[in-house]
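Small disclaimer: the values here were computed from a predicted structure and weren't measured. In each ligand, atom 1 is the first atom listed, and ligand 1 is the first ligand listed.
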Amino acid sequence: MRLSPAGGVRLAGIDLSQPLSSDQKDAIVAAFVAHQVVVFPEQSLSREQQFAFAANFGEVEAHGAHRPADKAGGKAGDKRYAVAHVMTNLDADGNPTVRLSPAANYHWHTDKPYRARPPLMTLLHAVELPPRGGDTEFANTALAYESLPDETRRRIAGLRAVFRPAFDPSGACADHPLVRTHPDTGRKSLYLGNHATHILGMAQAEGAALLGELLHHATQRDFVYVHRWRIGDLIMWDNRCLLHRAVANYDVLRDRRIMHRSVVRGTAPF
Ligand code: OGA
Ligand code: MN
């Protein structure tokens, strides 16, 4: 079932905790490429099972131990586990708080674009949700590119955007084509977002203004699918042709929101 004109499809009736048949896997990949966001309702997965599901689609990033529960079986910090990692608005004592990394998620972004080879896919599984709100929004940057005036498309052809990690401004940056081509579909899309600071070879302010204009264009409501989560939803999205953001439409200092997250590595944008 299609979820919006801007993308998204719902695939019910597949139990992701079990190994996939090759037909199931092909159907999921086809849905992912066609609709950019795939929603699997009513899933009940351990973090290990989520990692194993994600591994059907490429190399999954392993994460160090982040939370006390992770540390029970190994030395904190140096052991990496083949499990989905926990994204939550809770602090170490289980109390809602605003942390830097989730706070950055409230701005339109694509995941880890400051890497030379940014992730192709992110998977999120809703484990605990606020009574209402806590949505995630997705903006289709292929539609955004296709709807630009010819003159703008000519103006931005060949430009490269510079990306830096939000939490570490001194960390390594990468530059990528502002207009990237999807390796599976050949479709062009805008590649930008909160981590994009400027355009290579253009004055800082001019580049930032261009990125701001394009971001404004790309995130207009017609290009956006809003996901209203239900417990058990697992969704996967394509970081190569979408922007996304968490919506702070819940009480982040009172309500609990716990998601399990997996990230699949991609290839260098072109
Ligand atoms: C992410 C992300 C948004 C959300 O996991 O990369 O941006 O709504 N999440 O939690
Ligand atoms: Mn994100």
Ion pair check, Glu61 and Arg265, cut-off under 4.0 Å:
yes
Donor-acceptor side-chain pairing of Thr122 and Asn239 below 3.5 angstrom:
yes
Around Glu42, counting heavy atoms of other residues, nucleotides and ligands shown, do more than 12 lie under 6.0 Å from its CD?
no
State which residues pass salt bridge (Lys or Arg N to Asp or Glu O under 4.0 Å) with Arg230; sequence neighbours excluded, sorted by chain then number.
none
Give one line per pair: atom of ligand 1, protein atom, distance. Only N/O to N/O under 3.5 Å.
unit_1   : atom_1 : unit_2 : atom_2 : d
ligand 1 : 5 (O)  : Arg261 : NE     : 2.7
ligand 1 : 6 (O)  : Asp111 : OD1    : 3.1
ligand 1 : 6 (O)  : Asp111 : OD2    : 3.1
ligand 1 : 6 (O)  : His244 : NE2    : 3.4
ligand 1 : 6 (O)  : Arg261 : NE     : 3.1
ligand 1 : 6 (O)  : Arg261 : NH2    : 2.9
ligand 1 : 7 (O)  : Asn105 : OD1    : 3.4
ligand 1 : 7 (O)  : His109 : NE2    : 3.2
ligand 1 : 7 (O)  : His244 : NE2    : 3.0
ligand 1 : 8 (O)  : Thr136 : OG1    : 2.6
ligand 1 : 8 (O)  : Arg257 : NH2    : 2.8
ligand 1 : 10 (O) : Arg257 : NH1    : 2.8
ligand 1 : 10 (O) : Arg257 : NH2    : 3.4

With a 4.0 Å cut-off, would you call Arg153 and Glu146 a salt bridge?
no
If you link I, L, V, M, F, W and Y whenever their side-chain heavy atoms are under 4.5 Å apart, who else ends up in the same group as Val162?
Leu200
Could you go through His176 and Phe163, starting from their C-alpha distance and side-chain angles, then the distance that decides it, and tell me whether this counts as ring pair (Phe, Tyr, Trp, His ring centres under 6.0 Å)?
CA-CA 8 Å; His176 297 299; Phe163 298 88; 5.8 Å; yes
Protein N/O/S atoms closer than 2.8 Å to the Mn ion (ligand 2)
His109 NE2, Asp111 OD1, His244 NE2
Residue pair Phe40, Phe53: steps toward the ring pair (Phe, Tyr, Trp, His ring centres under 6.0 Å) verdict
CA-CA 12 Å; Phe40 302 92; Phe53 171 66; 5.7 Å; yes
Donor-acceptor pair between His109 and His244 side chains, under 3.5 angstrom:
yes
